[in-house]
Amino acid sequence: MNLRGRIVEVGDEREVETQYGTRSLAEVSIRPDGVDDDADAADGDAYVRVTLWGKWTHTADLAEPGMDLLVTDAEESEYRGEKTYSTSKESYVVLEPDFLVDVTDVRSWVQCPRMYYLNKLSGIPLNYPVVKGTVVHEVFGDLLRGRDLDDSIDERVAEAGLQLGLLGYDAAEVRDEVRRNAAAIEGWLAQGTLTEEDAWRSEYTLISPTFGIKGRADALRRGMPVELKTGKNLRRDPRFQDKIQAAAYALVLAERGVPADTGTLLYTKNTTLERNEESGDLSPAKEFSIGKGLLEFVVRKRNEIAAMEFDFSVPTGFEADAKCEYCFEKDTCMVVSGRLNQESKAGQIGSPLPEDERDYFDRLYRAIEEERRETHEEYRKLWEQSAEERAADDRAILGLEPAGRREIEGGRWELRATKTDDAVSKLREGDICLASDGDPVGGHAELCRIRELGDEVVVTADEPVSVRRLDVYPSEISVSRMLTAVHDALLKGDERRKDVLFGRREPAFTDRSSRTYIDNNDSQDDAVRLAVDADDAALVHGPPGTGKTYTIARIVRALVADGNRVLLSAFTNRAVDNALEALRDQGFDSIVRVGTENGVREDMQELRLETAGEPNDCAAELNGAPVVAATTASCGSRVVREQSFDVALVDEASQLTEPGTLAAINRADRFVLVGDHEQLPPVVRAENDLQRSLFERLVEEYPDASVMLDRQYRMSQRIQAFSSAEFYDGALRPATGEVAAQRLSDLGIDESVLPDDLHDPVAFVDSDSPRVGNTNPGEADRIAELVETYVAAGVDPDDIGVIAPFRAQVAEISRRTDVTVDTVDRFQGSSKEVILVSFVVSGRIDGPIFEDHRRINVALTRAKKSLVLVGDADALASDPFYARMLEWARR
DNA sequence: TCTCTGCGAAGAGGA
């Protein structure tokens, strides 16, 4: 049986005499899953003792109370009337199984735990071995799928064009080198033993809930893992860490019931001309047998990582017997150790960062790692939640019926399936997701890209799968990039900027020009001047409708005119593209847009940087661009990390975590942040230090470095009044009399046909209807009627929007009307002539979504001419803030 | 059960 629970107590290791001789053991007490946390120790079933035998005492040594422990194939026995458990010959002991360790991380940990840590912290920079390695891996996959070698090389090298160009490589030389590597693969494939195509699988995605491991095997050959290495190894055996990697995949396969006892390492730099020193072998392939002992070793190493991550500790390198003098990362290791004052086997160089910077690092490191755990939680849901729960959570599309497959170019597959219901999900066209036969973890699953998501679903994948279900596949990328951003800011960041970030120096400004940039709006004009004059940082506070995007475009133009290279960034693709649209409207289009094909709006595609092609051309396009536009997530990408700018301008800065903002501003000497901390804050999964944006912190710290845009062009006076008073100290005002006085009649609507209670630009309709979960069907009915009323009065349905706090209510209302219905969060940044807000609550106002009043500020400031609040008056009146809102709406 | 956008998904190397 598998035994799992939370560790309560860990005993010391000791030795006992058994019939097999002296053996070591350690006892661990756990509270098994399913036993109530409050259960008393005296309660017989509350705790269970598990004896970990032999080498598993190593894992006991890492264990701490509070950690989760899993013992597979545990043996049950009675000892003095008490039921106890112990490890058996078949057992594995897994610490914190929910912490999913990547196979490549186990590999680097085995090399040196410090290398694991450094890779995580600083990310792997753009370098040739990695780029080439990726290309060779792709060509390998193509060959397995039966593709022509030259076609594959041409295409795969072209795909890496931008990266190769930035590294200064020429396509022809790379093709030659890849061809030499591929020759080793081809030669091996041609040895004749591998004729049955069915025995091969390429790029196999594996997740192991039991062992807490995830990864992608390069290939499976007759069920055995094959790892490709683009280096050279002339010795008889595979390198130890390479074996570990293959063995980790074998472990996951074992969980799936298909144990692998042999692993193959393919060293493609071993040419058939070079004879193996010891064995005389000519083959680049090295096989090794995978025994239980090796698998157990992998699990113990994996446990070391999980244990270290559990308490956020930092490895020193002494855990391993790797020799620092041979390590490529030695210098980096010593610098990081020195700056962060970490103990390290390699030693330290340089003096430690000031204490407040190290505190900041520790705080953010912890917060980011908490986010990582939340991401792992998302993986866990893949197998913990039932299919129906996942579908209800919008994380899966179920009930697909396979409707054909077709082999496409490159030996890949286009898979079709038909939807049997109209359930919604987070999945969008262009997303990477997990397509499966219905069981995403234990069954056949492939990572795929969604091409079409209508009644028919079309995906492309490396291998064919009968698509019955699609699941969101979580990614750690954003978490990893946050961490590297913090690393870059502290360890590579300019001292001058750090002084500003850490409150040691006020941002400085140089009077560069006294010219007027915008002549009909003083605060916008001030904002542009502030940004142009900033030597360090400028902050532009833009409440709803104040012409933020226009101002941003004007700032960028002014900066470029002064000879600056500008990075234009924002949290979302939509905001980036909006800023670009404004720039182009102002006649400026020397812009390169960095981003995925899917993320970039259709009309901005022509600005998008081509990442595939002739290396020199790709690199020149990027390097020569005076303005580069990308989301902050993209700013953390390997390519953009290589770029430098004079100024970084970040929109939606109030929605960004500090690390998210750092990712962009790290690339530049100076920065301009634009945002509104009275609107939505960053969305983070865990409650931690990431909840407050850098924008908000700096606006409060340096009021003199900020300008608030105070004229709004969106709402009538009546609509803006509450927001202005509650959130902007009354400083927000209509830009013109026309804006202030606008009414539906301006659209040619005869307002007299509207019922009396809708005559005022702000109206309240008491729904007096009960909340059901996160919906309020009665309120939804009322909203639909109101929409009809406006449409009947002549309002264009496109001019009407409905906002609700919960997605469930959004769905409820969407079923009743065709106008745009969305959550507050998704409505941020846009507006409509008429907005109806559904509050859902009844009884008492509670729940986190109502506590953050900034969300309400967003909801109430989307309407231009008419705003209708629909809710339960009694419930709203129970809270002072909402009571004030009611008073305003009912005036 | 609160809200949710991004991101290549992984990729290398030597005494």
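This one's a predicted model, so the numbers in the text were calculated from it and none came from an experiment. Order of the sequence lines fixes the chain letters, A, B, ..., with proteins taken first and strands second; residue numbering starts at 1 for each chain.
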In whole angstrom, give the distance that lies between atom [atom1] of [X] and atom [atom2] of [N].
| X | N | atom1 | atom2 | answer |
| --- | --- | --- | --- | --- |
| A:Gln679 | B:dT5 | CD | P | 16 Å |
| A:Ile124 | B:dC7 | CD1 | C1' | 16 Å |
| A:Arg807 | B:dC4 | CZ | C1' | 8 Å |
| A:Leu427 | B:dT5 | CG | C1' | 14 Å |
| A:Tyr116 | B:dA12 | OH | C1' | 19 Å |
| A:Glu329 | B:dA12 | CD | C1' | 10 Å |
| A:Asn774 | B:dC4 | CG | P | 11 Å |

Partners of [X] by salt bridge (Lys or Arg N to Asp or Glu O under 4.0 Å), sequence neighbours excluded?
| X | answer |
| --- | --- |
| A:Lys132 | A:Glu177 |
| A:Arg239 | A:Asp242 |
| A:Arg380 | A:Asp98, A:Glu377, A:Glu384 |

**OP:** Report the residues that fulfil side chain to side chain donor-acceptor pair (under 3.5 Å) with A:Ser654, sequence neighbours left out, ordered by chain and then residue number.
**Re:**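 Scan of A:Ser654 (side chain to side chain donor-acceptor pair (under 3.5 Å), adjacent residues dropped) gives none.
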Original post:
Closer than 4.0 Å, any side-chain N/O of A:Arg395 to the OP1 or OP2 of B:dC4?
Top reply: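 For A:Arg395, the contact criterion (side-chain N or O under 4.0 Å from OP1 or OP2 of B:dC4) is not met.
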Side chain of [X]: nearest nucleotide among [options]?
| X | options | value |
| --- | --- | --- |
| A:Phe806 | B:dG6, B:dA12, B:dC2 | B:dC2 |
| A:Asp218 | B:dG11, B:dT3, B:dA12 | B:dG11 |
| A:Val130 | B:dA10, B:dT3, B:dA12 | B:dA12 |

Subject >> Residue pairs, two or more places apart or on separate chains, that pass salt bridge (charged side-chain N to carboxylate O under 4.0 Å, His left out) and touch residues 654-664 of chain A >> reply: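 Sorted result for residues 654-664 of chain A: A:Glu658-A:Arg697.
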**OP:** Can you check whether any acceptor in the base of B:dG8 is under 3.5 Å from a donor in the side chain of A:Arg638, or vice versa?
**Re:**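 By the distance-only test, no, there is no pair.
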So what does [X] touch, heavy atoms closer than 4.0 Å: a base, only the sugar-phosphate, or nothing?
| X | answer |
| --- | --- |
| A:Thr230 | sugar-phosphate |
| A:Ser637 | sugar-phosphate |
| A:Phe328 | base |

Original post:
Given pairs defined as Watson-Crick or G-U wobble with both distances under 3.5 Å, what dot-bracket annotation applies to DNA chain B, with ( ) intrastrand, [ ] crossing, | other strand and . unpaired?
Top reply: ...............
Subject >> Rounded distance in Å between the C1' positions of B:dG11 and B:dC7 >> reply: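 Straight-line distance between the two C1' atoms is 16 Å.
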**OP:** Please work out which of the three classes, parallel, tilted or perpendicular, describes the rings of A:Tyr169 and A:Tyr128, given edges at 30° and 60°.
**Re:**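 Parallel, since the angle between the ring planes stays under 30°.
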**OP:** Could you pick out which residue, A:Glu378 or A:Val594, lies toward the 5' side of DNA chain B when each is mapped onto its nearest nucleotide?
**Re:**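 Nearest-nucleotide comparison on DNA chain B picks A:Glu378.
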**OP:** Applying side chain to side chain donor-acceptor pair (under 3.5 Å) between A:Asp102 and each of A:Lys214, A:Arg302, A:Arg216, A:Arg107, report the one that passes.
**Re:**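 The residue from A:Lys214, A:Arg302, A:Arg216, A:Arg107 that satisfies side chain to side chain donor-acceptor pair (under 3.5 Å) with A:Asp102 turns out to be A:Lys214.
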